[in-house]
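What follows is a single structure, written as structure tokens, with notes after it.
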Amino acid sequence: MPESQPSAPLARAESLILEIPDYPGPGILFRDITPLLADGDALRATVDALLAPFAGTFDVVAGLEARGFLLASAAAYASGTGLMPIRKSGKLPRPAATMAYALEYGTAEIEAHADFPAGTRVLVIDDVLATGGTLVAARELLTGLGYAIAGTAVLFEIDGLGGREALGDPALHTVFRS
């Protein structure tokens, strides 16, 4: 099935994402979303697009540090739900659940509080899906806390890096792809 063309507001929003070569290291093409975030119409169009497939299916939005926080905050406000920050290890002020995950070189950890009742339906939002490690860890963390994953929405998916396969989420929704 061919992908549909984005609406004019979404096409404009996508045009605001800058590609920065060799950042943060050689051979990496960084997607800078700050121009998109700075434009109210573009931000609204992308938040609406992130939420659309999940309307009525979630109770809270979880955002991954750091750029995922920005999108998830706007999505939580737009949907009238709560926000759950998923932070890098050591950033939360009180005891939290922790999940380790593999990076290309080494490991990292993310944490979240158990502030919601068991069974709370969580929509996970992040900015970019590349290899999928962070999102896989986030979903495992949330499941370990007793929450139900309503789905995963990302602003931008980089094809060919295995993230979609690693995540294995049939409800994965991406707004933009390359």
Side-chain angles (χ1 to χ4, degrees), residues 17 20 22-34 37 46-47 50-51 54 58-77 79 81-178:
I17 299 172
I20 311 297
D22 299 320
Y23 182 82
I28 297 173
L29 182 61
F30 183 79
R31 272 51 176 216
D32 180 5
I33 67 168
T34 52
L37 296 172
T46 54
V47 168
L50 285 165
L51 291 172
F54 304 103
F58 62 94
D59 305 308
V60 65
V61 177
L64 282 75
E65 188 168 350
R67 297 186 311 171
F69 283 174
L70 303 171
L71 297 168
S73 295
Y77 178 80
S79 63
T81 63
L83 174 68
M84 174 188 291
I86 299 177
R87 304 285 320 259
K88 294 175 182 172
S89 184
K91 300 285 186 177
L92 292 175
R94 55 190 161 86
T98 302
M99 179 64 59
Y101 62 100
L103 297 170
E104 189 174 344
Y105 301 104
T107 61
E109 291 182 336
I110 53 174
E111 298 178 332
H113 289 153
D115 290 336
F116 301 94
T120 296
R121 301 171 303 163
V122 181
L123 174 61
V124 181
I125 292 183
D126 204 4
D127 62 328
V128 174
L129 172 60
T131 62
T134 308
L135 280 167
V136 168
R139 291 169 54 92
E140 289 175 9
L141 177 67
L142 294 169
T143 301
L145 287 169
Y147 304 135
I149 306 298
T152 306
V154 295
L155 179 64
F156 196 88
E157 179 179 355
I158 302 171
D159 292 328
L161 296 181
R164 179 172 288 269
E165 295 76 20
L167 199 57
D169 179 0
L172 172 64
H173 172 63
T174 61
V175 178
F176 307 122
R177 296 177 80 157
S178 73

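Values below: all heavy atoms of this structure, side chains included; hydrogens, waters and symmetry mates excluded. Not measured: the values here are computed from a predicted model. Heads up: numbering here begins at 1 and tracks the sequence.
- Atom CZ of residue R164 and atom OG1 of residue T131 lie 14.5 Å apart, to the nearest 0.5 angstrom.
- Annotation: Y77, atom OH; neighbour count of heavy atoms from other residues, nucleotides and ligands within 6.0 Å does not exceed 12.
- When side chains are defined from C-beta on, D115 does not count as touching M84, because their heavy atoms never get closer than 4.5 Å.
- Under the 4.0 Å criterion applied to side-chain N and carboxylate O atoms, E65 and R87 are assigned as salt-bridge partners.
- The backbone N or O of R121 lies less than 3.5 Å from a partner atom in the side chain of D59, making a donor-acceptor pair.
- Remark: side-chain polar atoms of S73 are not paired, donor with acceptor, to backbone N or O of L70 under 3.5 angstrom.
- In this structure, G151 and A171 approach most closely via the heavy-atom pair CA-CB, 4.3 Å.
- Residue A96 comes nearest to A112 through the heavy atom pair CB-O, 3.3 Å, listed as atom of the first residue, atom of the second, then distance.
- Considering only heavy atoms from C-beta on, Y101 comes within 4.5 Å of I110 through its side chain.
- Proximity of a side-chain donor or acceptor of Y147 to a complementary backbone N or O of F116 within less than 3.5 Å is detected.
- I149 CD1 to T152 OG1: the interatomic distance, rounded to the nearest 0.5 Å, is 6.5 Å.
- Of the possible donor and acceptor atoms, one in the side chain of R31 sits under 3.5 Å from a partner among the backbone N and O of L29.
- To the nearest 0.5 Å, the span separating CD1 on I17 from CG on L37 amounts to 9.0 Å.
- Taking every heavy atom of both residues into account, L145 and A114 meet most closely at CD2-CB, 3.8 Å.
- The minimum heavy-atom distance linking V122 with A62 is given by the pair CG1-CB, 3.6 Å.
- At least one side-chain heavy atom of L142 sits under 4.5 Å from a side-chain heavy atom of I86.
- For the pair L51 and L123, the minimum side-chain heavy-atom distance is below 4.5 Å.
- One distance of note links NZ of K88 with CD of E109; it measures 13.5 Å at 0.5 Å rounding.
- In this structure, I125 CD1 and F69 CZ are separated by 13.0 Å, a value rounded to the nearest 0.5 Å.
- Between L64 and V124 the shortest side-chain heavy-atom distance falls below 4.5 Å.
- Counting heavy atoms from C-beta outward, S79 and F54 have side chains that stay 4.5 Å or more apart.
- When every heavy atom of H113 is checked against every heavy atom of P93, the shortest pair comes out as CE1-CD, 4.0 Å.
- Across all their heavy atoms, G82 and A76 have their closest contact at O-CB, 3.6 Å.
- Contact annotation: the side chain of L155 approaches that of F176 to within less than 4.5 Å [non-hydrogen atoms, C-beta and beyond].
- Side-chain contact between V128 and R67 is present, with at least one heavy-atom pair separated by less than 4.5 Å.
- With V154 as reference, L135 is the one residue of L167, V175, L135 to meet the side chain to side chain contact (heavy atoms under 4.5 Å, CB included) rule.
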